[in-house]
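Okay, so here's the structure we're looking at.
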Amino acid sequence: MRAIYKRELRSYAVSMTGAIAIAVALLIMGLMFRNYNLSTYHLLTFSYTLNNSSLVFYIVVPILSMRVFAEERKLKTDQLLLTAPVSVGQIVMGKYLALITVFAIPCVITGFYPLIMLRFGKETIKWDYSALLAYFLMGCAYLAIGMFISSTTENVIIAAILSILFVFVTQMISNTYTLMSASNFAALIFLVILAVLAGFLVYFMTKNYWAAMITISGLSAAWLITYAIKASWFSGKTEAVMKVLDFATHFNDFANGSFTIPNLLYFISAGAIGIILTIQSVLKRRWS
Amino acid sequence: MIEVKNLTKKYGDHYAVDHLSFQVEDGQIYGFLGPNGAGKSTTMNMMTGYLAPTAGMIKVNGFDIMEEPEAAKRTIGYLPELPPVYPDMTVREYLAFCAELKRVPKKERLSAVKEKMMELGIEDMANRLIRNLSKGYKQRVGFAQALLGDPQTLILDEPTVGLDPKQILEIRELIRNLGKKHTVILSSHILSEVSEVCDRVLIINHGRFVACDSPDRLEMGGKGGTTLLVAAEGKRADVLAALRTVVQVTDGDLTEDQGVVSASIDVPDRQDIRGRVSAALFAANCPVVEMRTKKANLEDVFLELTEGEEQADQDDQEQTDSEAEQESPASDKEEPKLHGEEEQKEDQA
């Protein structure tokens, strides 16, 4: 694992992608810090800076994560890694730790900004650092998902576009809540559509027509029965489901001073899911 | 020792490897031979744990590759078809990385890397970026990578492809030397290479086992022993009569061209009859102008064996009556011949 970690870090350093990612992150965060905290708006909490720095993810996540597995596959160097006496888990973790290390650099540097604000008073300093922690964890979750996306394709451009899309959806989804009908029936339709999507996913992963059909019909039937018995169960379910993907709102909750364990766990588990999916996706390729 | 039992790999409905079983004894150089698409690379990828088999078992030096992958992989050095090198690293950096990856202890790492670079003659390239190396040098870097960690077994997928003739000779020499310390399995569709380097040859076609034996025995087992070509001056009848005193010949074996009669004689049991033939022809006043033995070479054996396979294949297909599949063996059928041509060109070069 150490060998892979060191090689990845070296590759970020040599290929300049690491430097570009760090520079972009620092530029955006520095600009926002100046605008929101130092001048223009003169706000007292650092979380506004971070809240408005989500643009960083649109650029840094694809730059850092697109090559992680896609490039290995293209160069056929995955043959070296997968035939070496290391487990797939170690390969994935080595690469992931290198990703996080690069992303940690701008976060550590921005960690000095709240200290600059100490001259305005130290009441908010705890919030500032919990917001920064949330920001870092959100980045880690994105990088894990980005790594997973990279492991599904040989094409770095596709990997980059897909990870930008993922960042876009998870940052913007809160803006669509008001578009959705709040009625119980609409929630039922929404869940049935999700069941169909789940069915497609099952088919895509197993290539088994029957497994997909059973997933769709099973889930839909369960929901129809629930709806017939207790329609009120569906109230607010659309938003609840969509909130699963809502990185931005979770971050805001976190950043606005409510340092809660569920919010912390949200980002950590998103990262863990990304890592597990990556491992599965690398293993799956051996079988197909 | 490597044990492969009933190894099967299916891609959709297509069998890339079809119930393949064989054993590789320690301390031997094994040649894995087959036309393109025969399943050589797939088999090697499964033996090294890169691909998972659909069914079957692979045991490498006592470890099952599916159940104890790390222990098994530690005993294997693998050079895939394309050397798995990172273009943005220098040779030294790359090999140091591989050494760490293969768990060479930290103290020995530098000396191990240096040793392998010396062995493959790439120490002059140590500080060059792999991106800037020629195909031959990249191949050698890949080779050095496979040797790191001193694995018991080396698996080499077409190790000489893309090299110039001098490099091919060097790599062959290297493989021969490695064979003294390691068990080597190499794949190739170049027959001369296999017959020259390998102790045993395993022929597969369409993912199926065809034959496995030493190159000499395979040659013998082919069209049946040796063929003696004799050309003598004189009358056709005289030559025939003289030859008949030594060996069985029919008039059909003879051809006449401008007073020179040539005969192609099948010699039973590989016995040496050249002296007797020469004496008999001399006695009959037919001076010998040319005489040579022609062994049935591995190439003939290979074509014969793999074509036989394809015939069987077509029979299979006729039974299943599948039109789509019927087209593929027809196009495949060209392949062994093509390799034959390639082979000849290479010999000329």
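Every chain is numbered from 1 and lettered A, B, ... according to where its sequence line falls, protein lines coming before strand lines.
Remark: Thr49(A) engages Asn37(A) in a side-chain hydrogen bond (donor to acceptor under 3.5 Å, both in side chains) (not counting sequence neighbours). A search for side chain to side chain contact (heavy atoms under 4.5 Å, CB included) contacts involving Ile100(A) returns Tyr96(A), Phe136(A), Cys140(A), not counting sequence neighbours.
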Geometric donor-acceptor pairs, no angle filter, chain A-chain B, under 3.5 Å:
residue, atom, partner, partner atom, Å
Lys6(A), NZ, Glu100(B), OE1, 3.0
Lys6(A), NZ, Glu100(B), OE2, 3.3
Arg10(A), NE, Glu93(B), OE1, 3.4
Arg10(A), NE, Glu93(B), OE2, 3.3
Arg10(A), NH2, Asp88(B), O, 3.3
Arg10(A), NH2, Glu93(B), OE1, 2.8
Glu72(A), OE1, Tyr86(B), OH, 2.8
Glu72(A), OE2, Tyr86(B), OH, 3.0
Asp78(A), OD2, Tyr50(B), OH, 2.8
Gln79(A), NE2, Asn45(B), OD1, 3.1
Leu82(A), O, Lys73(B), NZ, 2.8
Pro85(A), O, Arg103(B), NE, 3.3
Pro85(A), O, Arg103(B), NH2, 3.1
Arg286(A), O, Lys9(B), NZ, 3.2
Arg286(A), O, Ala52(B), N, 2.9
Arg286(A), NE, Gly49(B), O, 3.2
Arg286(A), NE, Tyr50(B), O, 3.4
Arg286(A), NH2, Gly49(B), O, 3.1

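Residue contact with chain A, scored on non-hydrogen atoms closer than 4.5 Å, is absent for Met46(B). Neither the backbone nor the side chain of Leu283(A) comes within contact range of chain B; no heavy atoms are under 4.5 Å apart.
The candidate with the highest count of non-hydrogen atom pairs below 4.5 Å against chain A, out of Cys98(B), Ala71(B), Gly12(B), Ala52(B), is Ala52(B).
No more than 12 heavy-atom neighbours from other residues, nucleotides or ligands sit within 6.0 angstrom of CG on Leu110(B).
Residues Pro87(B) and Leu75(A) have side chains in contact (heavy-atom distance under 4.5 Å, counting atoms from C-beta outward).
Within residues 141-148 of chain A, no residue has any heavy atom less than 4.5 Å from a heavy atom of chain B.
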